[in-house]
Each structure stands twice: as structure tokens, then as C-alpha cells.
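Here the structure is laid out as C-alpha cells; the discussion comes afterwards.
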2 protein chains.
Amino acid sequence: MSQGPPLPPLEQTVPEVVVQRLPQYVRVLGALVREEVEVVSSHQLGERLQTTPAQIRKDLSYFGRFGKQGRGYSVGNLQRQLKDILGLSRQWNVGLVGVGRLGLAILSYPGFAPEGFRIVAAFDADPTQVGQNIGGVGVYAMDDLARMVQEMDISIGVVAVPGMHAQQVVDRLVECGVRAILNYAPTSPQTHEGVRIRNIDPVLSLQSMTYYLMGPERGENGQSQE
Amino acid sequence: MSQGPPLPPLEQTVPEVVVQRLPQYVRVLGALVREEVEVVSSHQLGERLQTTPAQIRKDLSYFGRFGKQGRGYSVGNLQRQLKDILGLSRQWNVGLVGVGRLGLAILSYPGFAPEGFRIVAAFDADPTQVGQNIGGVGVYAMDDLARMVQEMDISIGVVAVPGMHAQQVVDRLVECGVRAILNYAPTSPQTHEGVRIRNIDPVLSLQSMTYYLMGPERGENGQSQE
DNA sequence: GCTTGTGAAGACCTTCACAGCA
DNA sequence: TGCTGTGAAGGTCTTCACAAGC
């Protein structure tokens, strides 16, 4: 799975949970920038993020030393560094598969572009959809997927097709070289080696909350996120 | 936080991760029912769910003994049992806050009702929205929240307001007695004791995937879900 | 034979607690 | 004094491995 013996820098492997928390740190730092706060301690960050200061310091320590003892972290600097680490200092081109009700909602969602995620092409299996232009985004046939991924430098796929077809769409995307997929279909597709999938599945979220709504008292601790 | 000394039945506390996996089990079991499979082993379930058989057996063992040695689990029976445990054998009334673009998309999403989640009322701070009827769902003022939660037996809140207002909406819902909240706003609200919040945040999902798209080779293992 | 249920072992992540430094 | 960065300790979740039973 890994390479030969030379063994490059190889920064100690970072737990996936940590990577998943970093974007939240970036977001809070963005809020602090807007509030014109210049320095922040791990304790203050912990309050905003509902975590412990230790967690934040430990997380950051996987990537470097960003703070100053006795003072804390420079808000602007830390935000910039984390964005660089996460790859958020650049734009990413996104391909959307499925322009049904859900796909259209995603296309019209204004939250992606400001964060650097640009939907540059849409795809659909239905020939009557192909050729359309929806809010500036062209709709292509699935057969054009490989070509368009190349030509438009698409590195992220968004899947918004019926659950029944999600797996094959994921497989197609992976074949075409896409290694990060955001899946809105109510199915957890089989994952491929080296490919990241994140599922957006509100029904599953609801279904795990109802457990705590049952019985007289099952909700002992009141946390939990995402 | 816990009670006195009598210490009732108190089934060993179930890890939250386990509760979050159960709905996926239920879903796969549903697929097996439709395929008319009658018996399934933890190994087979593990294949479909990309987990180990041991994980599944351990998870189930928190709730009872559902299998038969040498045979496996009765698909129908196991599904029924898990649904009962999760509270999925009944309907749940849901209140939606925010009927902007996102709220409307949620209202028209056909995936909730078949799973037993019925959106019975919508709320909005904008007086010009109040009084509408959207696909059979009335839009009420925020001042009616407490009353409607009572009258309509709303136990789950869905938040679809701008990030800026998410926290206060969550607080209002909690005040009104709602203890399970699905939050679509791009903010992680502070959680209250005894209240469950699940955040639907596609941008955060994207932002944690880009990390693995950076650099020559950082994506060592190719798993990860949600 | 095959598969469950489970204590014990192990891996992983979080929290503690303190040395080091501004 | 105040706060970071971090090894070590502690907890939690996962995996192993096997007794029990069909």
C-alpha cells in the first residue's frame, strides 16, 4: 500500500477525525477575523467549538507549531496556515451528476462558490436533459464524463442521482480519476482504495436521533454533532 | 447528571457511534427483505456495509441476542427489532424553521415521509411568508412555535435559516421542548444538555476531503464515510 | 461444519499535566 | 503570569479469538 524504502519526510500520519475538525477551526477563525480579533487562545477556540483546549492544541500539533507561549495564536496567520494545509487556498472544480430535483437544488445553492468550490459541469443519464444550460452550467451525457473531467480539471464529484444508481455513478467517477466524492444519494456506496466519499444523508441523521427520543430517559449526555 | 442510588435496570450504556450505525443496518436489511433474502450472517452484512462481522455482532449485542448460531439472523425479525429500538416503527412529526430556498427544497424532498418523518408545520421570521400553504404545510410565525409544537406534537426540528440566526432558532426550539434538531445552517450551534443536534454541512465535508487531494500522496487509506 | 455472542486484547483518540518559553 | 506543545495516562471503540450451540 505504501512505497519503497527511501521513506520521505513522512510527517506522522494524521488521524482522519483531526482532518475533519480542521475545517471547523477555519470557519471559526474566519468569524474571528471578521470580528477583528487578532489573537486567540486554545481555550477561547475551545469555547466556540465546544471542545477542550487540549484537543485543539493536539490537533494543531500534527501540522506544526502555530502558537506563541503566553499569548496564543495569531488569528489571521493560523487561518491562512490551516487553509493551506487543507487545500482551501485554491479553487476546486466540481462535477455534478444528476440534474433532478436534488441536483437542481444543489446547483442553485449559493454556499459552495464562496468557499472555492465551483460546479463547472453537470451530467445526466437522461438524454432529454443533455444540452441544457442551467445557471451557466452545461449538462452533458455520462459518456462525456471522462473527457470533461480531463478538460475541465474536475477533481470532485457530487452525486445526486436516485439511490439505485449511486453505486455505478460512483464507480464511473472513480474510473475517470475523481478521488473525492460527495454523495447525496441515500445509499452508502462501496468505497474504492484511495478515494474519499462523504455521504450527506439527512434521513440517517434523523433515524439515529429518534433513538434518544424513545423511552423515559435514554438521552443521558446531551452532546453529539454531525 | 445521573440519578440516585436505586439504579434501575440500566442496560449498559450504548456508545453513540453504535446508535449511528443502526439505521444503516436497518436500511440494508430493508434491501434484503426486498430481495427476499430470509437469513443473513454478520459476514454478509459486513460485506454490504463495509465493516467487519465482529463490529456488527458487537453492535447488536448491546441490544439483545437476535441471531442463531450456525445460521445467522432472520432478516425480517432483525429489521423489526432494530426499528423498534430506534423508534422507527412510528411516525414522527417534524417542524421546519425557515422557508427560504433551502427550506423549500427540504419541503419538496420526498425522502422523509416514506421513512416516517412528516413535516407538519413550517415557521419563518418573515411576516410576508407567514400564512402561506406550501404543499399542504402551513407557514407560521415564530411566535406560534411553542403553541404549535404542543398542538401538533412536534418532536423534531429542522433548521434551514441563515447561519447567522441558527443559534437563536436552535435555542427557541429547545425552549419549546424540541429535543432533536437537524441543522442545515452552516454553523455548529452550541448544544444543550439532553438535546441532540445533527448538522448537515456539505461544505465542511468538501473541505475535509480536499486535504487528501493535496500533495503527491497523502491519501494512504481509502475509506471514510459520512 | 458454520455462525453467534462476548470477554480480553489491541488500536485509536482524547485528556491530563507539566516543561518550556514569552 | 499565561499559554503552547507534547509525552504519558486514560478512555473509548474496534478487533480478536474462542466457547457455546445449531
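Residue numbers start from 1 in every chain, and the chains themselves are labelled A, B, ... in the order their sequence lines are given, proteins ahead of strands.
If you measure from atom CG of B:Leu60 to atom P of C:dG5, you get 7 Å, rounded to the nearest angstrom. A straight line from CD1 of B:Ile56 to P of C:dG5 spans 12 Å, rounded to a whole angstrom. Distance, A:Gln69 CD to C:dC21 P: 7 Å, rounded to whole Å. With rounding to whole Å, A:Gln20 atom CD is found 15 Å from C:dC12 atom C1'. Here the P atom of nucleotide C:dT4 and the NZ atom of B:Lys68 are 12 Å apart, to the nearest Å. Atom-to-atom, OH of B:Tyr73 to C1' of D:dG21 comes out at 14 Å; the value is rounded to the nearest Å. Between the P atom of D:dT6 and the CZ atom of A:Phe63 lies a distance of 13 Å, rounded to the nearest Å. The interatomic distance linking B:Gln81 (CD) with C:dG5 (P) rounds to 11 Å, in whole Å.
Of the candidates B:Leu78, B:Ile56, B:Leu86, B:Tyr25 forms a side-chain contact (heavy atoms from CB on, under 4.5 Å) with just one, namely B:Ile56.
Taking the ring pair (Phe, Tyr, Trp, His ring centres under 6.0 Å) definition, one finds that B:Phe112 meets it with B:Tyr109, sequence neighbours left out.
A salt bridge does not link A:Arg179 with A:Glu193: none of the charged nitrogens is closer than 4.0 Å to a carboxylate oxygen. Salt bridge B:Arg27/A:Asp201: present, at least one basic N to carboxylate O contact under 4.0 Å.
With D:dG5, D:dG2, C:dG5 as the candidates, the nucleotide lying closest to the side chain of A:Arg65 is D:dG5.
In this structure, A:Glu36 places its CD atom where only 12 or fewer heavy-atom neighbours from other residues, nucleotides or ligands lie under 6.0 Å away. Heavy-atom contacts from other residues, nucleotides or ligands closer than 6.0 Å to CD of B:Gln91 number more than 12.
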Q: Could you encode protein contacts along nucleotides 10-18 of chain D as a string, one character per nucleotide from 5' to 3', using B for base contact, S for sugar-phosphate-only contact and - for no contact, with a heavy-atom cut-off of under 4.0 Å?
A: ---SSBBB-
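With DNA chain D read from its 5' end, the first of the two nearest nucleotides for A:Arg71 and A:Ser61 is the one closest to A:Arg71.
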